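Please read the structure below before turning to the comments.
What you see is a predicted model; the values in this text were computed from it and never measured.
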Amino acid sequence: MEQHAIGHPGRPHQVISGHIRSLMVTHVVDVAAPARARPPFDTLTITLHWTTLLIVLSLFGSGLLYGQVEERSWAPPLLQVHRSLGVMIWTLTVCRLLWRVTGARFPAFPVSMTPLHQLGARLSEYGLYALLLIQPATGLAQTILRGRPFEVFTWSIPPLVARDVALVGIFRSAHEIGAWCLFVLAGLHAAAALVHHFILRDDVLEAMAPAFRRRGIP
């Protein structure tokens with residue numbers, strides 16, 4: 001053992017130094033190689049998403065305001081705007097669903113999301129789609145069942161059915177409950193996106209809003 005050590009005085013030092021250098025290189029590679037960001041949604045999906053948000057906010061605002069000024073002279077035009085936005089959001093949602101099943105690009109979930117987390121995201125998404133279709137339908141139903149003419153966009157529509165007070169009350173309650181459900185679910189959806197962006201620091205929000213993509217991420 002002594003002769004072997006004396007005969008190769010520099011070898012143990014070289015082996016140890018080489019091992020340390022190898023560990024350092026491996027560590028640098030592990031730290032320096034960032035995870036590649038997922039591709040964003042396609043441009044049409046992003047445009048439809050943010051357009052939907054703007055219309056939904058306008059619907060909430062006009063609906064709440066109408067409830068406060070229902071007896072004012074300018075309440076009917078406000079209600080006409082609210083109805084027109086409802087028809088618009090219903091049509092836009094149908095277009096979103098058609099685009100979703102025909103040509104939309106949906107990036108996969110981040111690898112950090114558990115299957116349960118992914119299921120929750122899917123269910124909230126489907127719930128939002130359902131409410132965006134149901135809300136305009138319940139609003140239009142209560143309007144028609146009043147048995148009076150009404151305006152949508154620039155069209156004046158005559159009475160379509162006889163007045164049914166009981167059904168008007170049912171659809172009005174359904175419309176109000178659905179509005180608050182939409183408000184809560186949309187709020188949770190937005191809060192989850194902010195948590196992903198600022199706390200979990202993944203690219204969930206960035207995939208739908210590329211302008212928020214952090215610098216330095218390939």
Report summary line: salt bridge (charged side-chain N to carboxylate O under 4.0 Å, His left out) pairs touching residues 53-62, sequence neighbours excluded, are none

Requested in this report: Kindly give the heavy-atom pair with the smallest separation between Q135 and A179, and that separation in Å.
Outcome: NE2-N, 3.2 Å

Report summary line: By salt bridge (charged side-chain N to carboxylate O under 4.0 Å, His left out), R163 pairs with (sequence neighbours left out) none

Report task. Measure the spacing between NE2 of H49 and CG of L54 and express it to the nearest 0.5 Å. Result -> 10.5 Å

Report task. Provide the closest heavy-atom pair for A121 versus M113 in the form atom of the first, atom of the second, distance. Result -> CB-CE, 4.4 Å

Please output the side-chain donor-acceptor pairs of residues 60-73 that fall under 3.5 Å, not counting sequence neighbours, one pair per line with the distance.
unit_1 : atom_1 : unit_2 : atom_2 : d
S62    : OG     : S58    : O      : 2.9
S62    : OG     : L59    : O      : 3.2
S62    : OG     : H82    : ND1    : 2.8

Requested in this report: Could you list the residues that satisfy ring pair (Phe, Tyr, Trp, His ring centres under 6.0 Å) with W180, not counting sequence neighbours?
Outcome: F183

Query - Considering all heavy atoms, the nearest G178-L131 contact - result: O-CD2, 4.1 Å

Show me the donor-acceptor pairs within less than 3.5 Å that the side chains of residues 186-198 make with the rest of the protein, sequence neighbours left out.
unit_1 : atom_1 : unit_2 : atom_2 : d
H196   : ND1    : D202   : OD1    : 3.3
H196   : ND1    : D202   : OD2    : 2.7
H196   : NE2    : H117   : NE2    : 3.4

Query raised in the report: Do you know which two heavy atoms are closest between W90 and L133, and how far apart they sit?
Result: CD1-O, 3.2 Å

Report summary line: For A207 and P107 the tightest heavy-atom approach is CB-CG, 4.3 Å

Query raised in the report: Roughly how far, to the nearest 0.5 Å, is CD1 of I170 from CG of L145?
Result: 9.5 Å

**Report entry** Residues forming a ring pair (Phe, Tyr, Trp, His ring centres under 6.0 Å) with F171, sequence neighbours excluded
**Finding:** none

Query raised in the report: Under a 4.5 Å side-chain heavy-atom rule over Ile, Leu, Val, Met, Phe, Trp and Tyr, are V87 and W155 clustered together?
Result: yes

Query - Transitive ILVMFWY side-chain link L79 to F153, under 4.5 Å - result: no

Query raised in the report: Between atom CG of L97 and atom OH of Y126, what is the distance when rounded to the nearest 0.5 Å?
Result: 10.5 Å

Report summary line: With sequence neighbours left out, the residues meeting side-chain hydrogen bond (donor to acceptor under 3.5 Å, both in side chains) with W99 are D42, T45

Report task. Identify the heavy atoms of S124 and L185 that sit nearest to each other, and give their distance. Result -> O-CD2, 3.8 Å

Query raised in the report: Say you draw a straight line from CD1 of I134 to CG of L182; how long is it, rounded to the nearest 0.5 Å?
Result: 10.5 Å

Query - Residue list, salt bridge (charged side-chain N to carboxylate O under 4.0 Å, His left out) with R100, at least two apart or on another chain - result: E125

Report task. Find out if a path of hydrophobic residues (ILVMFWY) with successive side-chain heavy-atom gaps under 4.5 Å connects L116 to V111. Result -> no

Report summary line: Connected to F41, directly or through other members, by ILVMFWY side-chain contacts below 4.5 Å are I46, W50, L53, L57, F106, M208

Query raised in the report: Does any pair with a residue in residues 164-183 pass salt bridge (charged side-chain N to carboxylate O under 4.0 Å, His left out), and if so which ones, sequence neighbours excluded?
Result: R172-E176

Query raised in the report: Given the rule that I, L, V, M, F, W and Y join up when any side-chain heavy atoms are under 4.5 Å apart, are V81 and V152 in one cluster?
Result: yes

**Report entry** Under 3.5 Å: donor-acceptor pair, side chain of R83, backbone of L140
**Finding:** no

Query raised in the report: So, the side chain of H175 versus the backbone of T138: is there a donor-acceptor pair under 3.5 Å, distance only?
Result: no

Report task. Could you grab the distance from atom OG1 of T47 to atom CZ of R96, nearest 0.5 Å is fine? Result -> 11.0 Å

Query - Partners meeting side-chain hydrogen bond (donor to acceptor under 3.5 Å, both in side chains) with Q142 (sequence neighbours left out) - result: R146

Query raised in the report: If Ile, Leu, Val, Met, Phe, Trp and Tyr residues are connected whenever their side-chain heavy atoms lie under 4.5 Å apart, and connections chain through other members, are F150 and L167 in the same group?
Result: yes

**Report entry** Within-4.5 Å side-chain heavy-atom neighbours: L200 and S112
**Finding:** no

Query raised in the report: If you look only at pairs with a residue in residues 57-66, which of them pass as a salt bridge (charged side-chain N to carboxylate O under 4.0 Å, His left out), with sequence neighbours excluded?
Result: none

